[in-house]
Amino acid sequence: MTGNYETILVSKADGVTTVRFNRPHKKNAMNPTLHREMYHVLDELEFDDETQVLVLTGEGDAFSAGQDLKEYFDANKDSPRDREEIRRISHGWRHQKLYNYAKPTIAMINGWCFGGAFTVVASADVAIAADEATFGISEINFGSLPAGLVAKVVSGLMLPRQALYYSMTGEKFDGRRATELGFTTMSVPRAELEQRTLQIADVLKRKDPRALRATKELFKGVDLRAMSFDDSWHWLNARERQLTLEQKNKNWMDQGVAQFMQGNYRPGVEVMPKSE
Ligand code: COA
């Protein structure tokens with residue numbers, strides 16, 4: 001399952017699965033094969049017991065130079081059918097599967113990140129960039145616009161005036177600036193990127209996976225900002241009851257709260273000890 005891909009590399013260690021875009025000679029631009037392979041691998045890993053946390057990154061000096069301008073756009077320009085098919089797959093893995101993934105996901109931005117690659121970063125739960133990485137909403141530079149949901153994700157995550165500025169100018173920015181703008185969660189020196197990513201993965205691995213999934217869903221599956229206070233109250237209560245049912249006979253009340261009352265741990269500073 002993990003070996004036979006042409007455009008991605010999959011590696012597993014200690015519950016953390018890393019999927020690497022593997023077209024370094026093309027700066028990991030996303031061509032139709034890469035989209036198909038990402039669509040497939042995300043399905044596989046979602047039900048893979050060895051995968052507790054998913055990390056996405058790029059081989060070589062690029063995270064991804066966005067859509068492959070030749071193979072994604074130019075090659076399909078005269079074939080509406082092929083273009084539509086690959087648009088759906090490309091949309092499906094990034095905005096449906098990855099955005100709503102059942103497991104925690106981390107985008108580790110190691111280098112160049114342009115255009116369509118912004119949507120991969122935006123769909124991951126945590127985005128950790130190298131300080132030295134280079135970002136650009138570059139569509140304006142080739143006479144286009146940040147379509148394919150790029151404008152949607154940057155307007156949702158970045159400060160509004162900055163999103164417009166970088167979309168209109170195509171000016172590039174580094175990992176530190178990406179974090180100031182709210183686009184990435186944090187940035188660290190390139191030399192520390194893998195280590196910091198694994199530390200975060202380790203923290204996520206120790207949480208109850210059902211509680212983690214429910215927490216993601218609160219923020220990603222549902223737009224709490226668009227709900228009234230009353231609607232939020234009812235929805236969150238319902239989700240809490242559902243989580244308790246999913247956790248069956250070791251729900252957070254019985255396990256997490258009981259262990260705290262027994263003095264076994266302090267949840268403000270520790271995660272609950274595993275009972276089995
Ligand atoms: N689509 C298709 N091919 C791409 C690509 C893309 N988005 N980005 C890079 N490549 C290819 C180049 O055409 C080149 O191929 P070649 O060796 O067959 O000529 C190869 O990758 C290396 O790129 P190159 O431009 O030589 O590397 P560089 O280090 O000088 O510059 C970038 C790197 C990323 C700054 C530059 O390639 C670039 O601007 N790419 C386009 C980025 C972009 O605007 N993406 C938005 C798409 S939605």
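Numbers here are sequence positions counted from 1. One-based numbering, in listed order, for ligands and for the atoms of each.
- Under 4.0 Å from ligand 1, not a single heavy atom of Glu71 appears.
- Here the shortest heavy-atom distance to atom 3 (N) of ligand 1, taken over Asn31, Asn141, Asp68, belongs to Asp68.
- Looking only at atom types and distance, the side chain of Thr179 has a donor-acceptor partner in the side chain of Thr184 under 3.5 Å away.
- Counting only N and O atoms by type, the side chains of Thr33 and Glu6 include no donor and acceptor under 3.5 Å apart.
- If you number the atoms of ligand 1 from 1 as listed, the ones under 4.0 Å from a heavy atom of Ser138 come out as 43 (C), 44 (O), 45 (N), 46 (C).
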Exercise. Before giving the answer on side-chain contact (heavy atoms from CB on, under 4.5 Å), spell out for Asp174 and Arg177 the whole-Å C-alpha distance, their side-chain angles and the decisive distance to 0.1 Å.
Key: CA-CA 5 Å; Asp174 66 14; Arg177 183 74 180 134; 3.5 Å; yes
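- Arg190 and Asp131 are not joined by a salt bridge, as no carboxylate oxygen comes within less than 4.0 angstrom of a charged side-chain nitrogen.
- When Lys27, Lys26, Arg23 are checked for heavy-atom proximity to atom 15 (O) of ligand 1, Lys26 turns out nearest.
- Close approach of ligand 1 to Ala29 is summarised as follows: ligand atoms under 4.0 Å from at least one heavy atom of the residue are 1 (N), 5 (C), 6 (C), 7 (N).
- A salt bridge does not link Arg213 to Glu217: none of the charged nitrogens lies less than 4.0 Å from a carboxylate oxygen.
- With a heavy-atom cut-off of 4.0 Å, Ala65 touches ligand 1 through backbone and side chain alike.
- For the pair Asp61 and Lys27, the salt-bridge criterion is met [side-chain N within less than 4.0 Å of a carboxylate O].
- Remark: ligand 1 atoms within the under-4.0 Å shell around heavy atoms of Leu69 are 1 (N), 2 (C), 6 (C), 7 (N), 47 (C).
- In this structure, Arg23 pairs ionically with Asp68, as a charged nitrogen and a carboxylate oxygen lie closer than 4.0 Å.
- Among the atoms of Lys70, none of the N or O lies under 3.5 angstrom from an N or O of ligand 1.
- Distances below 4.0 Å separate heavy atoms of His25 from the following atoms of ligand 1: 20 (C), 21 (O), 22 (C).
- Set against the non-hydrogen atoms of Gly116, the atoms of ligand 1 under 4.0 Å away are 48 (S).
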